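A short worksheet on the structure shown next.
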Amino acid sequence: MAATRTRRGATASRRYWLFKSEPAVYSIDDLARDRRTCWEGVRNYQARNLLRDDVAVGDGVLFYHSNADPLAVVGIARVCRAAYADHHAWDPSSPYFDPRSDPGAPTWLMVDVEFVERFAAPVTRAALAAEPALRDMLVLRRGARLSVQPVTADEWRAVLGLAGSRARW
DNA sequence: GCCAACGTTGGC
DNA sequence: GCCAACGTTGGC
């Protein structure tokens, strides 16, 4: 596995994540167009803690379309900026407005991600569920609502395999 | 549209 | 600190 310079230290191994997004809000096509975006709007403490403590520059991200047809991992992204204040919390016009977030000690954080690849064909939830190597994958668990989820290296490789991904990691 | 699972809020 | 009520997520 490749080593990468991260907040965890120069020799830390790269980690992998699954980020959910409703394509009606922000899709892999949007990221392919923008090339890079801030991942705003995480409003769950467990997900926030992952962003703050564990998500690092260089980490791999499976881009998952939720509330969609098809439900699928549709591509991959790479973390390109570590956690910083989600300023949308202070924007009254934002759907993510949360006035309880103190500018001096922000409650909510976000990272930036950059586009890596849109899969030639989405790896559907059904395809994930049919893959024995993914039997423990968090996103497949009933009631798994976490929008930022850890993915193991084996799961990462299995999903890229199902996708026929050409991305090198 | 339904509803199970989950997280948060707030009364006590 | 408990827990019932409520709101949201998100698959089906």
Side-chain angles (χ1 to χ4, degrees), chain A residues 15-34 37-55 59-77 79 82-113 115-152 154-163 165:
Chain A
R15 293 187 194 182
Y16 303 99
W17 308 96
L18 179 146
F19 285 12
K20 293 183 190 172
S21 186
E22 301 191 15
V25 176
Y26 196 83
S27 72
I28 189 71
D29 291 334
D30 294 321
L31 183 60
R33 176 198 63 218
D34 297 341
T37 191
C38 59
W39 201 265
E40 80 278 16
V42 172
R43 294 291 179 270
N44 167 282
Y45 288 102
Q46 194 180 347
R48 188 278 314 269
N49 292 348
L50 289 172
L51 293 179
R52 183 190 61 199
D53 301 332
D54 295 311
V55 176
D59 285 358
V61 174
L62 298 175
F63 197 116
Y64 179 82
H65 280 175
S66 63
N67 267 323
D69 188 14
L71 297 166
V73 178
V74 290
I76 56 187
V79 177
Y84 62 108
D86 182 349
H87 55 78
H88 299 76
W90 305 310
D91 175 3
S93 70
S94 168
Y96 306 118
F97 180 57
D98 182 358
R100 296 170 302 176
S101 182
D102 173 4
T107 304
W108 303 118
L109 305 175
M110 59 185 178
V111 299
D112 289 356
V113 300
F115 178 78
V116 175
E117 180 184 17
R118 174 174 44 201
F119 293 154
V123 179
T124 65
R125 185 176 180 87
L128 298 173
E131 171 54 51
L134 300 177
R135 70 169 63 239
D136 295 325
M137 197 171 182
L138 221 49
V139 74
L140 298 176
R141 197 173 298 174
R142 181 178 167 79
R145 288 167 42 177
L146 201 58
S147 63
V148 172
Q149 304 184 356
V151 169
T152 69
D154 286 344
E155 290 167 346
W156 174 267
R157 279 188 289 270
V159 173
L160 266 58
L162 290 172
S165 170

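Just so it is clear, the structure is predicted and the values come from calculations on it, not from any experiment. Just so we're on the same page: letters track the sequence lines, and every chain starts at 1. The figures here come from the full heavy-atom set of this structure, side chains too, leaving out hydrogens, waters and symmetry mates.
- What separates CZ of A:F19 from P of C:dG10 is a distance of 14 Å, to the nearest Å.
- As a whole-Å value, the separation of A:Q46 CD from B:dA5 P is 17 Å.
- More than 12 heavy atoms of other residues, nucleotides or ligands shown are found within 6.0 angstrom of CZ on A:R33.
- Nearest to the side chain of A:S66, among C:dG10, B:dT8, B:dG7, sits C:dG10.
- For C:dG10, the OP1/OP2 oxygens have no side-chain nitrogen or oxygen of A:R125 closer than 4.0 Å.
- Distance CE (A:M137) to P (C:dG11): 12 Å, rounded to an integer number of Å.
- Other residues, nucleotides and ligands contribute more than 12 heavy atoms inside 6.0 Å of the CD atom of A:E22.
- At a threshold of 4.5 Å between non-hydrogen side-chain atoms, the residues A:V111 and A:F19 count as touching.
- Nearest nucleotide to the side chain of A:R142, out of B:dG7, B:dA4, C:dG10: B:dA4.
- Of all nucleotides listed (B:dT9, B:dT8, C:dG11), B:dT9 comes nearest to the side chain of A:R100.
- Taking the charged nitrogens against the carboxylate oxygens, A:D136 and A:R141 have no contact shorter than 4.0 Å, which rules out a salt bridge.
- Dashed line: the shortest gap from a side-chain N or O of A:Y64 to OP1 or OP2 of C:dT9 is not under 4.0 Å.
- Using a 4.0 Å heavy-atom distance criterion, A:R48 is classed as making no nucleic acid contact.
- With salt bridges taken as basic N to acidic carboxylate O contacts below 4.0 Å, one links A:D54 and A:R15.
- Using a 4.0 Å cut-off, no side-chain N or O of A:R43 falls inside it from OP1 or OP2 of C:dG7.
- Checked by distance alone, A:R145 brings a side-chain donor or acceptor within 3.5 Å of a matching partner on the base of B:dA5.
- Atom pair A:Y45:OH and B:dT9:P shows a separation of 6 Å (rounding to whole Å applied).
- An OP1 or OP2 oxygen of C:dT9 is reached within less than 4.0 angstrom by no side-chain nitrogen or oxygen of A:K20.
- For A:N67 and B:dG1, the CG to C1' distance is 13 Å, given to the nearest whole Å.
- Taking atom CG of A:L138 as the reference point, atom P of B:dC6 lies 11 Å away to the nearest angstrom.
- Per the geometry, CG belonging to A:D69 stands 14 Å off C1' belonging to C:dG10, to the nearest Å.
- One atom, CG of A:L140, and another, P of C:dG10, lie 14 Å apart when rounded to the nearest Å.
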